[in-house]
Amino acid sequence: MYLEARARAALTGVLSALRVPSPEQIPIERPPRPEFGDLTTRISYLLAKPMRKSPEEIARTLAAKLSEHPDFEQVRAERGFVNLRFRPEVVWETLRTILKQGDAYGRQALGKGKRLQVEFVSSNPTGPLTVGHGRQAALGDVLAELFSQLGWEVTREYYLNDEGRQIDLLAQSLWARYRQALGEDQPLPEGGYQGDYLIPIGEELARSWGDRYPEWDAEAQTVFRKQAVDRMMRMIKEDLEAIGVRFDVWTREGDLHRRGLVKETLEELRRRGAVYEKDGALWMRSTQYGLARDPVLVRSDGTPTYLMVDIAYHVDKYRRGFDRVIDVQGADHAEEQKQVKLALRILGLPEEFLDYCVHQFVTLKGGEGVERMSTRAGHFIRLGDLIRELGRDVVRYFMVMRRPESHLAFDYELAKKTSMDNPVYYVQYAHTRIASIFREAEKTGELPPAFSHPTELDLSPLTDPAELALIKELDRFPDVLVQAAGFAPHLLCEYLEGVAALFHPYYARVRVLGQGRATPARLALLAGVRLVLRRGLSILGVSAPEEM
RNA sequence: GCGCCCGUAGCUCAGUCAGGACAGAGCAGCGGUUUCCUAAACCGCAGGCCGGAGGUUCGAGUCCUCCCGGGCGCACCA
């Protein structure tokens, strides 16, 4: 970003000197090949029409003028592009500004003074978290952290659906397990929860309660509902802890009802003419607004649907003063999302208030087939088991290393490897190697009196192309964070792998310690690399180990 | 049937939002490298009509239309 700003400044100056109308946005990009320079602009293509000249000719004019600028070592007009290569002095200055910022490097003020809520996981308390929830947990947590880096005040929230039919079904399933533990041949209810995880809980309840609840009556229902939800939440919280996610706010569906919010929201929708009655139920007029169907808001038995409560919940989020809300959800909720957005529009909330980060499902590569996981059918892999096997770092990293809207084929064999084939270790090991050099430097007394005054560092020994390339890559970090926050955390993974991929060969080829004047300069470079790796990994919630 | 997402190297994926220079990475494959800050490494080679067909454009992996293949959704479930 530093280099881009310098290039932009230079280009703006030249355009006005040549009295060329500068377009709103001067495109400055990284060229596809290093031979084309550090940065490139295709501005000539944009100016070709208004100036009635060929891009090649414009590029030549711009290049001639730009080559007088002190920032550039080389300026070339090639096929209509203007390719820029910076003088090493400018690159060294870049490293100095990075080191000066220290741990603040990459932090930005884009969202300053604004409040953001990220709602994610929000898994129903009907079973332990699955691998699929793991993707959502990692995604939501990393997104939240990214926005926080960009200056937003972020709240992580979990919506807890602890009422309704699924919970009844769960409670009855647990009761059946309890009866089974007492030796009774009690079948699970139809459509009940078949997973093994209810068996030990049923056994435990049988031990402490004995035969106290022989019938599935009102009393048993109340008791088993509470018991089931409590036990499931305990499991879920354990799994969340294992993957390293902490929520600031837990909202229970029951609270929304108690506060009268659901009723109130329904009334408002009705007042705005978006509700009608049919077959004893209340429906929303979604088809009038171009959606495929009208959904039910209140069932004929008077209970609100999940959608109705969800709408009310989002109104509540708005009232709580958030400027923006991001819901991380699986692709199977697409229809629901359209309905909620429509309802909010009808209620007069701003269009940009709510955004969905939609992600596809996780399958296990190399496993038996690609069967979809289902909590109800008891067919799933527990997130907690995966973390115990692979570690939090690997699981978190693998969950966000692909674009959310792509299916994630979790490569278990690769995840299990502790070699640098595993991208997590590849990045972490770069950090470790640097840490090791600094430990060694301390021993040999080559560690300069800290890098607290980077302005005084003599970086001129950094002339190796790999050294300059590394600094230019470090310069991208703030920009990568902005891009990654656009629901694309995988870009941060790719970036970190790229930094590591520049560092490892450099490490293998160039010695840092015992190189006279070059040593402090190279240590400064390494300090910059270490800083960016540490910052990037920390945003992903992955550790940056000193040793491995 | 309708709607949304995906289809890029043997495999897993970037690049598609803002169209531009001979299409990138990792793994797998093949070949090489180790007196020195951890070889849990490094270097090199090979590998692709970017699912298909049209269209827009000076220029299309990228935009538009249609088709094919895969996933998801189309409940008074959540």
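Convention: sequence-line order gives letters A, B, ...; per-chain numbering from 1.
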Using purine N1 to pyrimidine N3 plus N6-O4 or O6-N4 for Watson-Crick, or N1-O2 and O6-N3 for G-U wobble, each under 3.5 Å, what pairs with B:C4? B:G71
Within the modelled atom types, does a donor on one side and an acceptor on the other bring the side chain of A:S300 and the base of B:C76 under 3.5 Å apart? yes
Using a 5.5 Å cut-off between ring centres and planes within 30 degrees, is A:F81 stacked on the base of B:A21? yes
Phosphate OP1/OP2 of B:C77: any A:R165 side-chain N/O under 4.0 Å: yes
From the options B:C43, B:A78, B:A41, select the nucleotide whose nearest atom is closest to the side chain of A:R299. B:A78
Which of parallel (below 30°), tilted (30 to 60°) and perpendicular (above 60°) describes A:Y159 and A:Y313? parallel
Does A:R509 put a side-chain nitrogen or oxygen below 4.0 Å from OP1 or OP2 of B:A41? no
Any side-chain donor-acceptor pair under 3.5 Å between A:H490 and A:E494? no
Closest to the side chain of A:R293, out of B:A21, B:C74, B:C77, is B:C74
Would you say B:C58 has OP1 or OP2 under 4.0 Å from some side-chain N or O of A:R79? no
Side-chain N or O of A:Y426 versus OP1/OP2 of B:C42: is the shortest distance under 4.0 Å? yes
For B:C66, what is the paired nucleotide under Watson-Crick or G-U wobble rules, both distances under 3.5 Å? B:G52
A:D421 has its side chain closest, among B:C27, B:A14, B:A21, to B:C27
Do A:T40 and B:A21 have a side chain to base donor-acceptor pair shorter than 3.5 Å? yes
How long is the line joining NE2 of A:H333 and P of B:C77, in whole Å? 15 Å
Could you let me know what B:G26 is paired to, Watson-Crick or G-U wobble, both distances under 3.5 Å, or none if it's on its own? B:C11
For A:H359 and A:F487, I'd like to know if the aromatic rings sit close, meaning centre-to-centre distance below 6.0 Å. no
Nearest to the side chain of A:T418 - B:A40, B:C42, B:A14? B:A40
Let me know the distance between CD of A:Q339 and P of B:C76, rounded to the nearest Å. 11 Å
Just compare B:C6, B:C72, B:A41 and give me whichever is closest to any side-chain atom of A:F361. B:C72
Kindly say if A:R403 contacts the phosphate of B:U16, meaning a side-chain N or O under 4.0 Å from OP1 or OP2. no
Check whether any side-chain nitrogen or oxygen of A:S123 sits under 4.0 Å from OP1 or OP2 of B:A78, and answer yes or no. no
From B:C5, B:A21, B:U12, pick the nucleotide closest to the side chain of A:E405? B:C5
Short side-chain donor-acceptor distance under 3.5 Å, A:N124 and A:Q166: no
A:D301 vs A:S406, nearer the 5' end of RNA chain B by closest nucleotide: A:S406
Closest to the A:A409 side chain: B:A28, B:A14, B:C13? B:C13
Earlier contact from the 5' end, RNA chain B, for A:W283 and A:R439: A:R439
What I want to check is whether the side chains of A:R299 and A:T303 have a donor and an acceptor closer together than 3.5 Å. yes
Does the structure show a Watson-Crick or G-U wobble partner for B:G47, both distances under 3.5 Å? Name it, or say none. none
Step through the shown structure and confirm whether more than 12 heavy atoms of other residues, nucleotides or ligands are within 6.0 Å of CD on A:E190. no
Could you go step by step and tell me if A:T41 and A:E29 meet the side-chain hydrogen bond (donor to acceptor under 3.5 Å, both in side chains) rule? CA-CA 6 Å; A:T41 178; A:E29 285 141 359; over 6 Å; no
Using purine N1 to pyrimidine N3 plus N6-O4 or O6-N4 for Watson-Crick, or N1-O2 and O6-N3 for G-U wobble, each under 3.5 Å, what pairs with B:U57? none
Round to the nearest Å and state the distance from A:H359 atom NE2 to B:G71 atom C1'. 14 Å
May I ask you to evaluate whether A:K416 reaches the phosphate of B:A40, defined as a side-chain N or O under 4.0 Å from OP1 or OP2? no
Measuring from the side chain of A:F36 (C-beta onward, heavy atoms only), which nucleotide among B:C37, B:A78, B:A21 has the closest atom? B:A21
Does A:Y507 have a side-chain nitrogen or oxygen under 4.0 Å from the phosphate oxygens OP1 or OP2 of B:A39? yes
pi-stack flag for A:Y425 and B:A40, centroid dist under 5.5 Å, interplanar under 30°: no
Figure out the CZ/C1' separation between A:R511 and B:C37, and round it to whole Å. 5 Å
Nearest to side-chain heavy atoms of A:H504, which nucleotide of B:C42, B:C76, B:G70: B:C42
Once you apply the 3.5 Å cut-off to both distances, tell me the Watson-Crick or G-U wobble partner of B:C37, or none. none
Once you round it to whole Å, what is the distance between P of B:A78 and CD of A:E253? 8 Å
Parallel, tilted or perpendicular, as decided by the 30° and 60° cut-offs, for the rings of A:F120 and A:F247: tilted
Can you check the A:Y45 OH to B:A18 P distance for me, whole Å? 20 Å
Within the pair A:H490 and B:G15, is there a side-chain N or O less than 4.0 Å away from OP1 or OP2? yes
Within this structure, what is the CG-to-P distance between A:L297 and B:A78, rounded to whole angstrom? 13 Å
B:C17 pairs with, by Watson-Crick or G-U criteria that keep both distances under 3.5 Å: none
Is there a donor and acceptor pair closer than 3.5 Å between the side chain of A:E336 and the base of B:A78? yes
In whole Å, what is the span from the CG atom of A:D310 to the C1' atom of B:A78? 10 Å
